[in-house]
Each structure stands twice: as structure tokens, then as C-alpha cells.
Amino acid sequence: MKIAFFDTKPYFKDTFGPLAKEYGYEITFFDERLTPETAKLAAGHDATCSFVNDEVPAEAVRTLKEVGVKVILLRCAGFDSVDLAVAKECGLPVLRVPAYSPESVAEHGAALLLGVNRKVHLSYNRSVKFNFNVAGLDGIGLYGRTAGVIGTGKIGKCMINILKGFGMKIICYDAYPDTKSGLEYVDLDTLYKESDIISLHCPYMPSTHHMINAESIAKMKDGVIIVNVARGALIDSEALVDAVESGKVRGAGLDVCEVEHDYFFEDRSNLEKHDPTLSRMLSNENILLTGHLAFLTDVALNSIAKVTLDNLKAFEEGRELVNEVK
Ligand code: NAD
């Protein structure tokens with residue numbers, strides 16, 4: 001099987017390259033993202049392999065079909081990049097990596113929470129200048145406070161375990177509560193009202209677009225901290241920055257953002273003009289933003305490569321496609 005690998009980065013090449021040889025697969029590594037314009041590059045390949053910011057809308061799916069691609073591999077959990085209906089119509093299975101290391105993603109969420117709360121980034125900026133003045137670097141104690149977790153799937157549950165380790169009281173909201181988990185589920189308004197920190201772990205869908213907005217923020221406790229390692233568009237960025245600037249929200253730890261498609265995974269420092277909302281976010285010291293790297297651990301990368309290639313193997317051998325997005 002030949003794989004057209006899009007949006008190649010060194011950390012992916014280093015893990016997929018050697019492993020693919022063991023599976024007997026040939027990979028062509030393209031720097032380009034998979035988009036309707038680049039889909040033609042997949043000609044002569046059996047599979048495409050794409051990541052979170054590749055774009056596989058109807059037009060791209062149809063081109064992939066035309067050039068002979070038989071299966072779409074996603075080396076990520078989220079599948080919002082692909083037009084699933086058209087993929088189905090074209091007979092192209094979409095295979096994803098539903099879980100590669102939920103612990104790694106949750107650990108990064110915890111890092112962002114601790115970082116923004118204890119102002120680690122601001123402290124570091126001072127330390128490197130030999131400025132060890134700690135004025136203005138105060139945080140809140142997490143022990144005994146309430147964490148509201150939205151989405152109690154694989155990552156949400158790992159986050160809950162970490163937060164419990166901090167001694168926090170956990171309340172949860174999920175559209176499909178896990179009634180066997182023993183978790184305390186509340187409605188969203190109660191979660192907003194009672195939580196000192198809110199961590200998002202639900203998928204992005206039309207129904208969750210901007211679920212954190214001016215209206216929901218108004219329902220939250222003053223001084224709440226918001227963590228998002230799920231998807232950027234769950235939050236209305238403008239409303240968030242307004243709330244951080246006003247002090248309603250104490251801080252936000254974000255690994256994802258609405259405009260990440262135009263920025264993340266590349267050095268964009270030399271752009272002449274920047275997105276105004278992103279600029280506002282980055283200039284606010286109470287917003288700690290990382291560039292979608294919650295997945296970037298040794299464990300996760302190896303697992304992503306193995307599950308992606310196992311998915312292709314199952315397809316090649318006509319076995320059940322357990323990781324097919326239906
Ligand atoms: P999961 O499918 O195991 O869990 C998602 C949970 O959200 C489920 O319990 C589901 O019932 C719940 N849910 C669905 N709709 C909801 C709604 N409207 N409101 C509240 N809850 C809802 O997924 P997961 O592996 O835990 O991943 C969660 C999200 O994290 C993914 O959708 C993905 O966008 C994101 N993610 C980010 C990174 C990163 O590197 N930053 C890595 C992996 C995943």
C-alpha cells in the first residue's frame with residue numbers, strides 16, 4: 001500500500017517512516033496540507049494520511065476518489081476536517097485514531113491550568129532577566145475548589161483524575177453522561193455557576209460552536225479559569241478576551257484557537273498582519289496559549305503511528321474497521 005502523507009512535520013516523519021517500513025508500506029511525505037487544491041498529489045497512492053488542520057471537504061474527497069485513493073486515514077481523533085457524507089457517497093472509509101494517549105492531552109491541559117494560574121510564563125520571563133520579584137504573580141489555590149469538566153470521554157476522564165489529585169471537587173456535564181462512572185453530572189448552567197475552573201473536553205460540532213460565549217461566561221463565577229485543549233471554536237475568542245480583560249475570567253489556558261488553521265504548526269512570526277483577535281489574546285498575559293501540542297509526547301506519537309498503520313492493515317486485509325468514523 002502507498003500512503004500520501006500530508007502536512008509532514010519532522011516528529012511525524014520520524015515515527016511514521018521507520019514503522020511504515022515494518023508494515024511493508026511506502027510513504028510519500030508531502031509538506032503541503034491536504035486541501036481541495038493539493039488532493040491531486042495523492043494520485044498513485046492507496047491512502048491519504050492527514051492531520052487536524054488539513055481540509056478534506058466534498059471537493060477534496062471527490063478528487064481523492066478520482067485519483068484512485070481507496071481510504072482516508074486521519075492521524076488524529078477529531079474528524080471535523082472531512083466531509084463524511086461525501087466520503088461515504090464515494091465509498092471511501094475514513095479511519096481515525098480515536099485515542100492515542102488521552103493522558104498526554106489531559107496532562108497538557110493540567111500544565112496550562114497550572115501555568116496560567118501560577119503565572120509560570122510570567123515568572124519565567126522575569127527569571128531569565130534575573131528579575132526575581134514575585135509581585136503580581138499570585139495564583140489561586142486549587143485544593144478544595146470546584147472544577148467543572150465539560151465532556152467526560154477519554155480525555156475528560158484523565159483530566160478529572162488529575163484534578164482529583166489536586167484535591168478538587170469535580171462536577172461534570174456531558175451530552176451523554178456516563179452513568180456508571182460515579183461522576184457527579186450537573187446541567188451546564190449549574191456547572192458555570194459553581195466552577196472555579198472549567199475544562200473543555202467535548203468535540204467540536206455545529207451544536208457546540210461557541211458554547212463558551214458572552215452569555216455563558218456571564219453565568220460563570222467571577223475569577224473563573226478556563227482551559228481548552230479540545231477545539232478552538234468551542235469558545236467565542238472575542239468574548240473570552242473581553243472577559244479576561246474585564247477580570248470576569250481570571251485566565252485561560254488554551255492549546256487550540258479559532259484561527260489556528262492559519263497559524264499553528266508553522267512559524268508565522270514574519271507575517272505582516274496578524275489576526276486581530278489572536279493578537280489581542282497573545283498580548284494578554286492572563287491568556288496562556290500553546291500551539292496545539294497537547295498530543296506531542298513520545299507515547300502519543302508512537303501510538304498515533306501504530307494505530308494509523310493498523311487501521312490501514314485492517315482495510316488492506318478486509319477486516320472489520322473498528323476505527324472507522326461512521
Ligand atoms: P471522546 O469521544 O472520548 O469524549 C468526548 C465526550 O464529549 C464524550 O463523552 C461525549 O459524550 C461528550 N460530548 C459529545 N457532545 C457533547 C456536548 N454537546 N456537550 C458536552 N459533551 C459532549 O473524545 P476525547 O478523546 O476525550 O477527545 C475530546 C476532544 O479533545 C476531541 O473531540 C478533540 O477535539 C480534542 N483533542 C485535542 C487534542 C489536542 O492535541 N489538543 C488531542 C486529542 C483530542
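Keep in mind that the numbers below use all heavy atoms, side chains included, and drop hydrogens, waters and symmetry copies.
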Quiz item: So do the side chains of Tyr100 and Thr297 get within less than 4.5 Å of each other, counting heavy atoms only?
Solution: no
Quiz prompt | In one Ile/Leu/Val/Met/Phe/Trp/Tyr side-chain cluster, 4.5 Å: Val71, Val67 | solution = no
Exercise. Kindly determine whether Phe265 and Phe51 satisfy ring-ring contact (aromatic ring centres under 6.0 Å, His included), including the steps that lead there.
Key: CA-CA 11 Å; Phe265 305 113; Phe51 196 49; 5.6 Å; yes
Quiz item: Are any non-hydrogen side-chain atoms of Lys119 and Asn286 less than 4.5 angstrom apart?
Solution: yes
Quiz prompt | Close side-chain approach of Ile197 to Met168, heavy-atom, < 4.5 Å | solution = yes
Practice problem: Using the ring-ring contact (aromatic ring centres under 6.0 Å, His included) rule, pick out the option among Phe6, Phe5, Phe12, Phe16 that qualifies with Phe29. | Solution: Phe5
Practice problem: Please check if Tyr11 and Leu19 belong to a single hydrophobic cluster, counting links between Ile, Leu, Val, Met, Phe, Trp and Tyr side chain heavy atoms closer than 4.5 Å. | Solution: yes
Quiz item: Below 4.5 Å, heavy atoms only, C-beta onward: do Tyr204 and His209 meet side chain to side chain?
Solution: yes
Practice problem: Establish, from distance only, whether the side-chain atoms of Tyr185 and Asp178 form a donor-acceptor pair under 3.5 Å. | Solution: no
Self-check item: Audit row: Thr146, Glu194, side-chain hydrogen bond (donor to acceptor under 3.5 Å, both in side chains) steps and yes/no
Solution: CA-CA 7 Å; Thr146 299; Glu194 294 185 1; over 6 Å; no
Practice problem: Answer yes or no: does atom CD of Glu245 have more than 12 heavy-atom neighbours from other residues, nucleotides or ligands under 6.0 Å? | Solution: yes
Exercise. Return yes when atom NZ of Lys219 has more than 12 non-hydrogen atoms of other residues, nucleotides or ligands closer than 6.0 Å, and no otherwise.
Key: yes
Practice problem: Consider only side-chain N and O atoms of Ser216 and Asn213, and report whether a donor and an acceptor are under 3.5 Å apart. | Solution: yes
Quiz prompt | Note, Asp46 side chain near Leu312 side chain (heavy atom, < 4.5 Å) | solution = no
Quiz item: Between CZ of Arg231 and CG of Asp255, what distance do you get to the nearest 0.5 Å?
Solution: 9.5 Å
Exercise. Please determine if Arg62 and Glu59 form a salt bridge, counting it only when a charged side-chain N lies under 4.0 Å from a carboxylate O.
Key: no
Self-check item: Test item: Leu254 and Leu240 side chains (from C-beta on) under 4.5 Å apart, heavy atoms
Solution: yes
Exercise. Show your reasoning for whether side chain to side chain contact (heavy atoms under 4.5 Å, CB included) applies to Glu89 and Lys65.
Key: CA-CA 10 Å; Glu89 186 188 298; Lys65 177 73 180 170; over 6 Å; no
Quiz prompt | Minimum side-chain heavy-atom gap Met1-Lys70 below 4.5 Å | solution = no
Quiz item: Do Ile140 and Ile217 share a hydrophobic cluster, counting only Ile, Leu, Val, Met, Phe, Trp and Tyr and linking them when any side-chain heavy atoms are less than 4.5 Å apart?
Solution: yes
Quiz item: Rounded to the nearest 0.5 Å, how far does CD1 of Ile212 lie from CD1 of Ile198?
Solution: 6.0 Å
Quiz item: Is it the case that Thr152 and Asp174 place a side-chain donor and acceptor less than 3.5 Å from each other?
Solution: yes
Quiz item: Does a salt bridge link Arg268 with Glu266, judged by any charged N lying under 4.0 Å from a carboxylate O?
Solution: no
Self-check item: Non-hydrogen side-chain atoms of Leu234 and Asn228 separated by less than 4.5 Å
Solution: yes
Exercise. To the nearest 0.5 Å, tell me how far Ile287 CD1 sits from His121 NE2.
Key: 9.5 Å
Exercise. Flag the pair Asp189 and Lys193 as a salt bridge only when some basic side-chain nitrogen lies within less than 4.0 angstrom of an acidic carboxylate oxygen.
Key: no
Self-check item: salt_bridge(Glu238, Arg280) N-O dist < 4.0 Å
Solution: yes
Quiz item: For the residue pair Cys172 and Ile160, what are the closest heavy atoms and their distance?
Solution: SG-CD1, 3.8 Å
